[in-house]
Amino acid sequence: MELRRFGFEQCGSFVLLLVSGLLLLPVMVSSIGVNYGQIANNLPAPENVIPLVKAIGATKVKLYDASPKVLRAFSNTSVEFIVGLGNEYLAKMKNPACAQEWVKNNVQAYLPGTKITSIFVGNEVLTFNDTSLSANLLPAMQSVHTALVNLGLDKQVAVTTAHSLAILETSYPPSSGVFRRDLVDCLVPILDFHVKIGSPFLINAYPYFAYKANPKQVSLDFVLFQPNQGILDPGSNLHYENMLFAQIDAVYYALAAVGYKKLPVHISETGWPSKGDEDEAGATPENAKKYNGNLLKFICQKKGTPLRPSSDLNIYVFALFNENMKPGPTSERNYGLFKPDGTPVYQLGFSINDAVGNGTHGTSGTSDVQPTPPGFPTTSTGYLSISSAKERSRCLGFFSVCLYLMLFKLLL
């Protein structure tokens with residue numbers, strides 16, 4: 001999927017909230033990010049998205065492409081962008097000349113007005129089990145980084161890639177987290193690359209899919225950050241109050257197991273659908289409100305995970321809008337915080353200001369930036385397949401789900 005994020009600049013900044021016409025007490029919210037997906041035919045023009053992003057205090061936005069219209073629209077807004085290069089372009093990006101041309105036209109052209117801080121090359125590549133695609137991932141990342149070095153941009157723009165949680169063979173208990181044995185040989189050189197250039201390890205994590213797969217056994221309170229007994233990791237003696245933090249720490253343990261204990265982990269996607277099909281348990285506005293709203297509260301409290309209590313939670317919520325053209329089950333089109341008209345799908349405890357939702361829908365004006373040469377991507381549908389329920393439902397892996405179920409049966 002994509003995410004991704006909304007948040008307020010500083011946890012110490014007070015915001016008066018107007019929700020459904022009711023004035024609430026001041027609330028403090030911390031900075032997070034949001035995914036801005038565009039697989040829809042009814043979204044506002046990017047210029048009209050700016051008031052929405054600012055109204056919710058978002059400081060970070062993740063795109064799945066390098067849309068010229070979006071990047072130009074957000075110039076001089078101080079919003080930080082992660083731009084994406086789709087899986088379908090990995091083979092082309094292995095060529096250093098192609099990579100440099102792409103960076104010139106899709107990154108350098110918008111700096112410094114638009115704050116592009118990172119490029120994620122490929123999305124959940126390793127869990128497609130496509131050997132040719134996997135083989136192209138690291139060379140493409142290296143070529144893009146080399147292009148940034150050649151253009152003098154490597155100190156301000158990082159290169160990374162996003163992974164599905166399905167790269168883990170086990171994730172419960174968190175202290176037993178390890179990568180899939182068949183992926184380790186491919187992962188280690190990528191991890192070396194991250195360490196060399198100082199970029200974070202990105203993971204897409206969805207507790208929703210663990211609940212959907214076993215709604216009668218998995219505790220809804222545990223996955224929604226609601227009060228619950230939590231779980232105790234017998235290997236580390238650490239206590240977990242929610243599944244997302246357990247998943248994050250499982251990734252940290254997996255990294256440590258292959259010798260990369262200090263590599264920072266960022267959650268590039270997480271979210272909860274507000275609507276689903278009959279077999280998609282838990283996909284309701286109330287649960288989506290609890291998941292994303294409680295997640296905000298945890299970030300506001302600046303609580304790290306039990307294993308990394310002092311580390312910042314760099315999390316991108318999926319997603320800014322409902323996207324009506326995404327394939328797959330109903331949930332895939334209903335992860336948005338907002339409807340295309342700018343109104344919230346559900347209230348998270350804060351309101352958008354009066355400017356939100358007043359923009360005109362449709363496409364924004366034509367950009368006068370030098371167009372990308374033929375054959376080079378400016379947009380991508382590379383994240384379409386990431387959204388498949390089949391792939392994401394494997395997030396914990398069969399073994400991990402079984403262990404979760406055994407534990408919760410003991411707690412009940």
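In this text, all values refer to a predicted model and were calculated from it rather than measured experimentally. One-based numbering along the sequence shown.
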Main-chain N/O of [Y] paired to [X] side chain as donor or acceptor, under 3.5 Å:
X: Thr270; Y: Tyr206; result: no
X: Asn287; Y: Ala283; result: no
X: Ser134; Y: Thr131; result: no
X: Asn242; Y: Leu244; result: yes
X: Ser236; Y: Leu238; result: yes

Short N-O contact, Arg180 and Asp182, less than 4.0 angstrom: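 Yes, charged N to carboxylate O under 4.0 Å.
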Electrostatic pair Lys60-Glu80, nearest N-O below 4.0 angstrom: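 Answer for the salt bridge query: no.
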Contacts of type salt bridge (charged side-chain N to carboxylate O under 4.0 Å, His left out), residue Asp185, not counting sequence neighbours: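 Checked Asp185 against salt bridge (charged side-chain N to carboxylate O under 4.0 Å, His left out); zero matches.
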Pairwise side-chain contact, [X] with [Y], heavy-atom cut-off 4.5 Å (strictly under):
X: Leu71; Y: Phe81; answer: yes
X: Ile231; Y: Phe222; answer: yes
X: His163; Y: Thr127; answer: no
X: Gln247; Y: Val251; answer: no
X: Gln38; Y: Ser67; answer: yes

Pairs where residues 233-256 contributes a residue and the test ring pair (Phe, Tyr, Trp, His ring centres under 6.0 Å) is met, not counting sequence neighbours: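 For residues 233-256: Phe245-Phe298.
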Over-ring placement of Lys339 relative to Phe321, 6.0 Å and 45° cut-offs: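 Relative to the ring axis of Phe321, which defines the angle, Lys339 lies outside at least one limit.
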Contacts under 3.5 angstrom, residues 192-201 side chains, donor-acceptor by atom type, not counting sequence neighbours:
from   : atom 1 : to     : atom 2 : distance (Å)
Asp192 : OD1    : Tyr260 : OH     : 2.4
His194 : ND1    : Ser199 : OG     : 2.8
His194 : ND1    : Pro200 : O      : 3.4
Ser199 : OG     : Val159 : O      : 2.8

Trp272 and Tyr211 aromatic ring geometry - parallel, tilted or perpendicular at 30°/60° bounds: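 Because their plane-to-plane angle lies in the 30° to 60° range, the rings of Tyr211 and Trp272 count as tilted.
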